[in-house]
Amino acid sequence: MTVVRACASTEELAGALAAIGHYFGLESSLEDAERFAQWLEVERMHAAWDGDRIVGGAGAFSFQVSVPGGGSVQAGGVTVVGVLPTHRRQGVLTSLMKAQLADCRARGDAVACLWASEATIYGRFGYGLASRIGELTLARERARFAFPFEPQGTVRLVELDEAARTFPLLYEQLLAERPGMFARSMAWWETRTLFDDPARRRGAGPLNRALLSLGGEPAGYALYRVKQDWAEGSSNGEVSIVEVVTPTPAATRELWRWLLDFDWTARFAANLLPLDHPLFLLLAEPRRMRFRLNDGLWVRIIDLQAALAARSYTGEGHVVLEVEDAFLPENNGRWHVSAKGVERTTAGADLHLDVTGVGSVYLGGFGFTDLVRAARAEELRPGAAERADALFGRWAAPWCPEIF
Ligand SMILES: CC(C)(COP(=O)(O)OP(=O)(O)OC[C@H]1O[C@@H](n2cnc3c(N)ncnc32)[C@H](O)[C@@H]1OP(=O)(O)O)[C@@H](O)C(=O)NCCC(=O)NCCS
């Protein structure tokens, strides 16, 4: 019989991290746990104990996540979930998830979000697919823009301290417009985003930090690595673009042009791109990106009323959602949603759906009409899904630029 409880020390955190570490082929160390404790509060890591041995773990960062309309919500960023192979398929993850969801609720998180190692794991716990991401591979000779333009900006490669001063401001500017991004603490910037972890190089060179200025002001940044290679004397290298943040259209066009003009490489590779990436309209041959889609962020509504009240709506419409939630019964029932607020109601419902469906539409990555078409929601009144979509509005596609 396993027992789940929150960790009480860095030693316990190290034990709980060892479960997921096992699948990464890592040895667990107290040093790693101390590093991890910079971002994860020890008591937000749950451990599953079999006697005096930890056999599983699940953690949650304390995040603020941007939502449609420019606001943000308190969220649990679920991470480092693992159960040792000796204890798999005995319900250990289920116990960890139950404890974690209850803890998120007790802490006042409106939602929880995660990146799934496998898409089959988290739906049963109420997580809905909330965003899609894309990966591109673009040959250098196919990287022309559809319309010529004269670059106005300057790009400099900057040292760590300048990056640490300027990049977070640009990121925050974008976060105010893009749903699905989480606010990064300074410790996160210094020890994760800007930290050039040799383990992440995978044969490529160091992490480069490029800062774009427009009119003398910081306007965007790019993080990238170069992996050089040769074939018959010519470069068969790859520029691996790790993160590009450009809060304005002018900066997007400038910085991507600068990146895609990189000399002495055969191709560019980038991952975790938003579904509505401007390159589709910037490039002369968007098909040459070979844009591959994948599931991105998964969202679990923890406190339905608080979560829905935190995002914006468009128009004067209203909708009554009848929601089912097997794990958090507080969310069960009928909810009247409009731009004026979200409250419980006894009025007849327009749409019936599971809490996973609310997670899918929450950041705007999917609409109610998408849910209905996939039999993930049922229209109880004709036209209800379209009315709900009009109310929930159209926003930039949700984008979480980093796997956490
Ligand atoms: C995924 C993992 C945590 C599951 O833990 P577990 O303790 O075996 O899960 P449970 O026994 O609680 O399983 C609950 C249900 O989920 C299903 N399930 C669990 N893992 C699954 C997987 N990887 N794929 C599909 N279904 C899975 C089980 O079959 C079970 O279904 P049931 O309720 O219909 O019987 C564990 O296999 C693991 O550590 N995997 C490797 C690391 C990993 O992928 N971690 C997730 C990081 S995001």
Side-chain angles (χ1 to χ4, degrees), residues 1-63 75-109 111-129 295 297-303 324-332 354-356 359 403-404:
M1 236 280 281
T2 51
V3 176
V4 168
R5 58 179 166 76
C7 291
S9 65
T10 320
E11 286 74 17
E12 288 189 2
L13 174 65
L17 286 172
I20 185 65
H22 192 84
Y23 294 93
F24 279 107
L26 298 172
E27 275 174 300
S28 117
S29 78
L30 194 55
E31 213 174 61
D32 283 342
E34 276 161 3
R35 205 166 72 88
F36 218 83
Q38 292 178 85
W39 320 299
L40 181 77
E41 297 143 71
V42 168
E43 61 280 9
R44 288 210 77 165
M45 184 80 194
H46 281 87
W49 295 78
D50 181 359
D52 60 359
R53 241 205 114 183
I54 296 179
V55 298
F61 297 119
S62 295
F63 277 166
V78 174
T79 187
V80 290
V81 177
V83 173
L84 287 177
T86 50
H87 287 70
R88 69 177 167 233
R89 307 303 181 268
Q90 296 171 27
V92 176
L93 175 67
T94 308
S95 305
L96 284 163
M97 285 288 115
K98 278 185 181 162
Q100 188 180 64
L101 289 175
D103 187 51
C104 287
R105 176 100 195 173
R107 287 169 181 276
D109 291 341
V111 301
C113 44
L114 56 78
W115 291 89
S117 63
E118 297 183 90
T120 42
I121 302 175
Y122 294 101
R124 72 190 70 238
F125 305 117
Y127 285 84
L129 175 57
D295 56 306
L297 206 64
W298 292 68
V299 167
R300 209 287 177 210
I301 303 293
I302 300 285
D303 181 336
E324 266 183 60
D325 189 337
F327 280 87
L328 291 172
E330 301 91 326
N331 293 328
N332 278 323
D354 181 77
V355 73
T356 57
I403 295 180
F404 50 81

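Note that this is a predicted model, so its numbers are computed, not measured.
Remark: Arg5 does not engage Asp103 in a salt bridge, criterion side-chain N to carboxylate O under 4.0 Å.
Residues Leu17 and Asp32 are not in side-chain contact: their nearest non-hydrogen atoms beyond the backbone lie 4.5 Å or more apart. Between Tyr122 and Val81 there is a side-chain heavy-atom pair separated by less than 4.5 Å. At least one side-chain heavy atom of Glu324 sits less than 4.5 Å from a side-chain heavy atom of Asn332. Leu84 has its side chain within reach of His22: a pair of non-hydrogen atoms, C-beta onward, lies under 4.5 Å apart. Counting only heavy atoms from C-beta outward, the side chains of Met97 and Arg124 never approach each other to under 4.5 Å. Residues Trp49 and Val4 are not in side-chain contact: their nearest non-hydrogen atoms beyond the backbone lie 4.5 Å or more apart. Proximity of Arg44 to Thr79: side-chain heavy atoms (C-beta onward) are nowhere separated by under 4.5 Å. Side-chain contact between Leu93 and Ile121 is present, with heavy atoms from C-beta onward closer than 4.5 Å.
A distance-only check finds a donor-acceptor pair linking the side chain of Tyr23 to the backbone of Val83 [under 3.5 Å]. Although no hydrogens or angles enter the test, the distance criterion places a donor-acceptor pair under 3.5 Å between the side chain of Asn331 and the main chain of Ile302.
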Where do Arg300 and Asp325 land on the salt bridge (Lys or Arg N to Asp or Glu O under 4.0 Å) test, with the steps shown first? CA-CA 10 Å; Arg300 209 287 177 210; Asp325 189 337; 2.7 Å; yes

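The minimum heavy-atom distance linking Ser28 with Ala14 is given by the pair OG-O, 3.9 Å. Minimum heavy-atom separation, Leu129 to Trp298: N-CE3, 3.5 Å. Shown here for Ala60 and Leu40, the closest heavy-atom pair between the two residues is O-CD1, 3.1 Å. Contact record, Phe36 with Val80: CZ-CG1, 3.6 Å, taken as the closest heavy-atom pair. Nearest heavy atoms, Ala19 versus Gly57: CB-N, 4.0 Å. Val299 and Cys113 get closest at one heavy-atom pair: CG2-CB, 4.2 Å.
Within the model, atoms CG of Leu13 and CD of Glu43 stand 10.0 Å from one another, a figure rounded to the nearest 0.5 Å. We find the CE-CG distance between Met45 and Leu96 to be 8.0 Å, quoted to the nearest 0.5 Å. Distance CH2/Trp115 to CG/Leu297: 6.0 Å, rounded to 0.5 Å. Within the model, atoms OG1 of Thr86 and CZ of Arg53 stand 6.5 Å from one another, a figure rounded to the nearest 0.5 Å. Once rounded to the nearest 0.5 Å, the distance linking CG of Leu30 with CD of Glu11 reads 5.0 Å.
Between the side chains of Ser62 and Glu41, at least one donor-acceptor pair of N or O atoms lies under 3.5 Å. In this structure, a donor-acceptor pair under 3.5 Å is present between the side chains of Asp50 and His87.
Considering Leu328, Thr94, Val78 in turn, Thr94 is the only one that fulfils the side-chain contact (heavy atoms from CB on, under 4.5 Å) rule with Phe125.
A distance below 6.0 Å separates the ring centres of Phe63 and Phe61.
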